[in-house]
Amino acid sequence: MKVLIVGGVAGGASAAARLRRLDEKAEIIIFERGEFISFANCGLPYHIGGVIESRSDLVLQTPQSFKSRFNIDVRTFSLVTGIDTDKKCVSVKDLKSGAVYTESYDSLILSTGAEPVRPPVPGADGDKVFTLRTIPDTLRIKQFIADCAPKSAVIVGGGYIGVEMAENLAFAGLDVAIVERADHLVAPLDYDIAVDLHHYIRSKGVKLVLNNGLAEIKEEGGQLAVMLEHGQLEADFVIMAVGVKPDTALAREAGLALNARGCILVDEACKTSQPDIYAVGDAVEVVDFVSGQKSFVPLAGPANRQGRIAADAICGLKSRYGGTQGSSILKVFDMTVACTGLSEASARKAGIDCDKVFLYAGSHAGYYPGATNMSVKVLFERGSGRLLGAQFAGYDGVDKRCDVMATAIRLGATAYDLTELELCYAPPYSSAKDPVNMAGFAIQNVLDGLVDSFHWHDVDDLPRDGSVTLLDVRTPGETARGMIDGFIAIPLDNLRAQLHELNKDKPIYVHCQSGLRSYIACRILVGNGFKCYNLSGGYRLYNSIKRAREMEIQHG
């Protein structure tokens, strides 16, 4: 058996190694257009920032190590220029010598990945405008910084790469601004979780320009004028991080079926529309695990799993790819943001009848030193309580909570299942009721009709004409630092004694700082014949979003 693999990074390298483990006698050849195979794309920003000091640490395997360990023929600087599906061979150009030759195959795996998008605006292809996708990209940026000693940079695009680059350029001592066309950073997050990231990254000196797009880049006197749809910025260089698109020209020319976006269409075994040709990684269309809809999710984990599945299929094993749920995580200075499954926006776009809860939970027991709080948002399906997605922003412990939620979603869990999870507890690590359990309890209360919720985006639309009661149950010290317009203050511990001051004919909308004490207040009120609604996420979330919007107006 002879297997050719086009592309030697995540999916291709994983497929090659799996093939060798399954078939010691197979002839396996990897073609890679660049110098490096099996390198850590996700580590590239950290090399620029100096966190990962040595370039060699980014290279997980070399052609020599692949040959010695797996007996795989790796041909770098080799560009596959065409596929003859009838003759089952590929055309290859040696980029060093210029020679062109053909190579036959029994099976072919395409792992061509994705390429950075450059917006079609004047100046986007200038010498001081960079993208970051490969090790050579990284080296060009590092060399520019070393040679030109820039003092400022503008990053166009606020996704994972854009935010990681902002952190690492700040570490390198530069003044950094991020320009993002959407209203928030990190598209898989919802706005109400992303605002925590906005506040934090601004506190680190990074300028955010949201709801604004790139119009043009001009070089004036050695500096770049970054012209935006509204206003402009000055910088010594620009990083384009507006996203990626599937690199599928080779597949298109070979007649493989693609979707409208250009992604290769594959089945559950990663087979394409052409016999004996498989495709994996960032070049393929995937099925969203939660919604069942077609999607494009360029992540390393799915690419590696698809490479393994393609190898299994070639060797006759019945592996199937079960869909991508988009679990991802991002470090920003000392903050961590993470998500899995659907966002609220994507759930509603998919037509799923969803609801949400917000929590502000401790990383570990509050009485043990060093505890920090994390913002938690969990999406669930009304009625069934099926978990749809979860988002986190905080510090210690965010990663493990998101991983638990990712596992629960993959196994089809409901909110009721979260209440039953027996997670590790000791004061330095968690609380007896872990934040994951608490999310389950909060959703259970909604599903069982123990509490009716309202949300931050409902607050300003509540009537202030006396037809409802707006109640703040925080302490006097808390209310002294700010209140929501129209709310009256009765501390929770005084509520029973002051029930006679409230009108049972009027529904009561109640909040505390995070939503927990106001839930207790609602149970007191309901138990005494009142109709009550609890603000999920409390004053903290409402005020955080209000401050974020004020900052966005201030910074244009």
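Both backbone and side-chain heavy atoms feed into the values below; hydrogens, waters and symmetry mates do not.
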**Asked** After noting the C-alpha distance and the side-chain angles of E164 and K331, does the key distance pass the salt bridge (Lys or Arg N to Asp or Glu O under 4.0 Å) rule?
**Response** CA-CA 7 Å; E164 288 172 346; K331 172 191 173 295; over 6 Å; no
**Asked** If every non-hydrogen atom of Y160 is compared with every non-hydrogen atom of P188, which pair is closest and at what distance?
**Response** OH-CG, 3.7 Å
**Request:** Ignoring hydrogens and angles, state whether a donor on the side chain of D396 or S363 is under 3.5 Å from an acceptor on the partner side chain.
**Result:** no
**Message:** We want to know whether Y278 and S107 form a side-chain donor-acceptor pair, criterion being a heavy-atom distance below 3.5 angstrom.
**Reply:** no
**Message:** Quick one about D288 and Q325 (side-chain donor to acceptor, distance below 3.5 Å, no hydrogens or angles considered), yes or no?
**Reply:** no
**Prompt:** Is the shortest side-chain N to carboxylate O distance from D23 to R18 below 4.0 Å?
**Reply:** no
**Prompt:** Between N437 (side chain) and L421 (backbone), is there a donor-acceptor pair under 3.5 Å?
**Reply:** yes
**Message:** Treating H198 as the side-chain partner and L185 as the backbone partner, does any N or O pair qualify as donor plus acceptor under 3.5 Å?
**Reply:** yes
**NZ/NE/NH1/NH2 to OD/OE distance under 4.0 Å, D403 and K400** = no
**Asked** Quick one: does T272's side chain have a donor or acceptor within less than 3.5 Å of a partner on Q274's backbone?
**Response** yes
**Prompt:** Does atom NZ of K93 have more than 12 heavy-atom neighbours from other groups under 6.0 Å away?
**Reply:** no
**Message:** Using a 3.5 Å distance criterion without hydrogens, assess whether the side chain of S273 forms a donor-acceptor pair with backbone atoms of A257.
**Reply:** yes
**Message:** Applying salt bridge (Lys or Arg N to Asp or Glu O under 4.0 Å) to K88 and D276, what does each step give before you reach the verdict?
**Reply:** CA-CA 9 Å; K88 295 184 68 172; D276 302 311; 2.9 Å; yes
**Prompt:** Can we say R401 and D434 salt-bridge, meaning some charged N sits less than 4.0 Å from an Asp/Glu carboxylate O?
**Reply:** yes
**Request:** Give a yes or no on this: more than 12 heavy atoms of other residues, nucleotides or ligands lie within 6.0 Å of atom CG of D353.
**Result:** yes
**Residue pair L110 / A251: nearest heavy atoms and the distance that separates them** = CD1-CB, 4.1 Å
**Request:** Output yes when D190 and K377 qualify as a salt bridge under the 4.0 Å nitrogen-oxygen rule, no when they do not.
**Result:** yes
**Message:** Counting only heavy atoms from other residues, nucleotides and ligands, does the tally under 6.0 Å from NZ of K2 exceed 12?
**Reply:** yes
**Message:** Does atom NZ (K271) have a neighbourhood of more than 12 heavy atoms from anything else shown, all under 6.0 Å?
**Reply:** no
**Worked verdict on R320 versus D312 for salt bridge (Lys or Arg N to Asp or Glu O under 4.0 Å)** = CA-CA 9 Å; R320 291 291 183 268; D312 286 355; over 6 Å; no
**Request:** Can you label the angle between the F171 ring and the F333 ring as parallel, tilted or perpendicular, going by 30° and 60°?
**Result:** perpendicular
**Message:** When you compare the side chains of S68 and S65, does any donor N or O come within less than 3.5 Å of an acceptor on the partner?
**Reply:** no
**Message:** Please check if the number of heavy atoms outside R410 that lie under 6.0 Å from its CZ is greater than 12.
**Reply:** yes
**Asked** Does E167 come within less than 4.0 Å of K204, counting only side-chain N to carboxylate O?
**Response** no
**Asked** Can we say E344 and K349 salt-bridge, meaning some charged N sits less than 4.0 Å from an Asp/Glu carboxylate O?
**Response** no
**Request:** Could you tell me whether R69 atom CZ has more than 12 heavy atoms of other residues or ligands within 6.0 Å of it?
**Result:** no
**Asked** Looking only at atom types and distance, does a side-chain atom of D137 sit under 3.5 Å from a main-chain N or O of T134, one as donor and one as acceptor?
**Response** yes
**Request:** Please determine if R33 and D247 form a salt bridge, counting it only when a charged side-chain N lies under 4.0 Å from a carboxylate O.
**Result:** yes
